[in-house]
Amino acid sequence: MLGNAQPAIAAFAATVVQWQLRAGRRGLPWQHTRDPYRIWLSEIMLQQTQVGTVMGYYERFLARFPTVQDLAAATQDEVMPYWAGLGYYARARNLHRCAQEICQNWNGSFPPSADEIMQLPGIGRSTAAAIAAFAYGQRSPIMDGNVKRVFTRYFGIFGDPSVRATEKCLWETAQAVVDAAPPDLDMTAYTQGLMDLGSSHCARGRPDCAACPLATHCYARLESRQAELPTPKKKKQSGQRQCAMLILQKENTILLEQRPSPGIWGGLWSLPQFDDAESLRIACGNMGVEVATERKMAGLQHVFSHFKLHIEPWHIVSDQIETTEPRPNQAWVSLNDLPATALPAPVKKILDGLFLA
DNA sequence: AATACGTGGAC
DNA sequence: TGTCCAAGTAT
């Protein structure tokens with residue numbers, strides 16, 4: 001699995017630190033704080049999500065929930081609008097649960113070590129290590145996509161990084177680097193520097209080895225195998241699904257339905273969804289609503305990480321809907337309240353097109 | 001081990 | 001257009 005080169009490990013961490021302090025990122029909103037709450041929030045938002053996407057969400061979330069106590073005191077329905085559009089909504093649900101655990105079991109303070117932090121919901125090994133490194137200076141190595149790119153290239157680690165054996169090798173290497181570093185290692189700069197390097201000079205497409213501080217002993221550069229590392233994942237074909245969504249409008253309101261957890265969009269409020277137009281028509285009939293074919297809107301496709309969804313929206317306007325009470329997981333929502341409602345991205349797109357035009 | 005879980009940026 | 005994948009975790 002390892003390449004032939006014998007890369008220098010003794011000076012690795014110090015080199016990263018020096019480069020970070022000189023050329024790394026400095027102005028990100030979650031840097032320059034040791035508040036575990038702010039660090040934790042940023043790490044959760046940044047899971048599988050690009051920095052630029054997170055920025056606005058981070059500021060809005062912190063303004064509404066400035067402390068872990070504020071977050072714990074809120075309801076999940078109050079939290080979800082601040083996550084809507086970011087994706088992977090289990091992160092928000094776990095974040096909320098985690099805040100309550102911290103307030104109930106840890107007296108409102110984060111656990112003092114990465115091992116204990118990792119026991120909390122939504123926090124895995126890498127996120128726990130990042131929080132402990134940034135908040136406490138603990139020498140706990142992280143292993144995210146950036147670090148995987150730097151390490152597989154520098155140390156010549158072949159094999160899909162998501163496969164257990166490769167992953168194990170990466171973690172052991174990361175630990176070995178920290179163990180080989182001097183006792184006064186600046187853990188904040190090291191951790192940040194690794195990610196900065198992975199997202200800049202050691203980016204996936206065309207790595208800029210000429211500018212990289214690790215180039216002299218980097219396996220991939222020395223062997224000209226940058227394009228092979230990290231070993232790409234084997235791609236799995238993604239399926240396609242189809243659905244009909246109902247925009248049922250009664251005067252100034254529409255009918256929304258809260259999605260179950262776990263599951264796609266769990267906790268968000270979405271349009272009533274059916275496998276096909278016929279099922280939608282039957283449901284409308286049960287409410288005494290006729291569905292004319294001309295109510296069908298232009299379809300759209302929404303791409304998830306694991307499948308593509310073809311959505312056929314139907315806009316039904318009726319002020320004489322027979323239902324007295326909506327189902328427990330349904331609600332009539334005023335059009336004025338839509339901007340503050342936790343809507344899935346494609347649903348927001350549909351409703352914006354309909355009611356903001 | 002393999003799959004579920006969102007959305008958008010980059011090329 | 002399609003493909004890859006991003007500061008991953010839970011099951």
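Just so it is clear, the model here is predicted, and its values are computed rather than measured. Sequence lines set the chain letters: A, B, ... in the order given, protein chains first and strands last, and positions in each chain run from 1.
Look at A/Lys236 and you won't find any side-chain N or O under 4.0 angstrom from OP1 or OP2 of B/dT3. The side chain of A/Thr127 contributes no N or O atom lying less than 4.0 Å from OP1 or OP2 of C/dA7. For A/Trp265, a side-chain nitrogen or oxygen approaches OP1 or OP2 of B/dT7 to under 4.0 Å. A/Tyr88 has no side-chain polar atom (N or O) that falls below the 4.0 Å cut-off from OP1 or OP2 of C/dA6. OP1 or OP2 of C/dG8 has at least one side-chain nitrogen or oxygen of A/Gln48 nearer than 4.0 Å.
The residue among A/His306 and A/Arg164 whose nearest nucleotide of DNA chain B is located toward the 5' end is A/Arg164. In terms of position on DNA chain C, the residue among A/Gly122 and A/Gln31 whose nearest nucleotide sits closer to the 5' end is A/Gln31. Toward the 5′ end of DNA chain B lies the nearest nucleotide of A/Lys234, the other residue of the pair A/Val303 and A/Lys234 mapping further downstream.
Across all strands, A/Gly145 comes closer than 4.0 Å only to sugar-phosphate atoms, never to a base (heavy-atom distances). A/Val54 comes within 4.0 angstrom of no nucleic acid atom, judged by non-hydrogen atoms across all strands. A/Leu95 comes within 4.0 angstrom of nothing in the nucleic acid, heavy atoms only. Across all strands shown, A/Gln192 has heavy atoms under 4.0 Å from base atoms, whether or not it also approaches the sugar-phosphate. Heavy atoms of A/Ala345 sit under 4.0 angstrom from primed sugar atoms or phosphate atoms, though from no base atom. At the heavy-atom level, A/Trp83 lies nowhere under 4.0 Å from the strands shown. Nucleic acid contact class of A/Gly85 (heavy atoms, under 4.0 Å, all strands): sugar-phosphate only. At a threshold of 4.0 angstrom between heavy atoms, the contacts of A/Thr49 include nucleobase atoms, whether or not backbone atoms are also involved. Backbone-only contact: A/Ile123 has heavy atoms under 4.0 Å from sugar-phosphate atoms and none from a base. Note on A/Pro346: only backbone sugar-phosphate atoms sit closer than 4.0 angstrom, heavy atoms only; bases stay farther off. Counting non-hydrogen atoms under 4.0 angstrom, A/Gly263 reaches the backbone sugars and phosphates but no base. Residue A/Pro262 is classed as having no contact, given no heavy-atom separation below 4.0 Å to the nucleic acid. Here A/Pro232 lies out of heavy-atom contact (under 4.0 Å) with every strand.
Considering A/Tyr58, A/Phe65, A/Tyr57 in turn, A/Phe65 is the only one that fulfils the ring pair (Phe, Tyr, Trp, His ring centres under 6.0 Å) rule with A/Tyr82.
We find that CG of A/Asn146 is positioned 19 Å from P of C/dC4, with the value rounded to whole Å. When rounded to the nearest whole Å, the span between CD of A/Gln119 and C1' of C/dT9 equals 13 Å. Straight-line distance from the CZ atom of A/Arg93 to the C1' atom of C/dT9: 12 Å, rounded to whole Å. When the C1' atom of C/dA6 is taken as reference, atom CZ of A/Arg149 falls 8 Å away, rounded to whole Å. Following rounding to the nearest Å, A/Ile131 (CD1) and C/dG8 (C1') show an atom-to-atom distance of 12 Å. As rounded to whole Å, 6 Å separates atom P of C/dC5 from atom NZ of A/Lys233. Here the P atom of nucleotide B/dA2 and the CZ atom of A/Phe307 are 21 Å apart, to the nearest Å.
Taking the six-membered ring for Trp and the full ring otherwise, the centers of A/Tyr154 and A/Phe12 sit less than 6.0 Å from each other.
Both A/Phe355 and A/Ile311 are assigned to one and the same hydrophobic cluster, defined by single-linkage of ILVMFWY side chains at heavy-atom distances under 4.5 Å.
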Practice prompt. Could you give me the CA-CA distance, side-chain angles and deciding distance for A/Gln258 and A/Asp77, then say whether side chain to side chain donor-acceptor pair (under 3.5 Å) is met?
Written response: CA-CA 10 Å; A/Gln258 191 166 37; A/Asp77 277 338; 2.9 Å; yes
Practice prompt. Please lay out, stage by stage, how A/Glu116 and A/Ser113 fare under the test side chain to side chain donor-acceptor pair (under 3.5 Å).
Written response: CA-CA 5 Å; A/Glu116 292 162 292; A/Ser113 73; 2.7 Å; yes
Item to complete: Decide salt bridge (Lys or Arg N to Asp or Glu O under 4.0 Å) for A/Glu278 and A/Arg281; before the verdict, give the C-alpha distance in whole Å, the side-chain angles of both, and the deciding distance to 0.1 Å.
Response: CA-CA 5 Å; A/Glu278 183 55 26; A/Arg281 195 184 309 277; 3.6 Å; yes
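A gap of 23 Å separates the P atoms of C/dT9 and B/dG8, to the nearest Å. With P as the reference atom, B/dC11 and C/dA7 are 14 Å apart, rounded to whole Å.
Side-chain proximity of A/Arg204 to the nucleotides C/dG2, C/dC4, B/dC5 is greatest for C/dC4. With C/dA7, B/dT7, C/dT9 as the candidates, the nucleotide lying closest to the side chain of A/Leu28 is C/dA7. The nucleotide whose nearest atom lies closest to any side-chain atom of A/Gln47 is, among C/dT9, C/dA7, C/dC5, C/dT9. The side chain of A/His302 lies closest to B/dT7, out of C/dT9, B/dT7, B/dG6.
Under 3.5 Å, the side chain of A/Thr53 and the base of B/dG9 form no donor-acceptor pair of N or O atoms. A donor-acceptor contact under 3.5 angstrom links the side-chain atoms of A/Ser305 to the base of B/dG6.
Checking side-chain atoms of A/Arg259 against main-chain N and O of A/Leu268 turns up no donor-acceptor pair under 3.5 Å. Proximity of a side-chain donor or acceptor of A/Arg295 to a complementary backbone N or O of A/His315 within less than 3.5 Å is detected.
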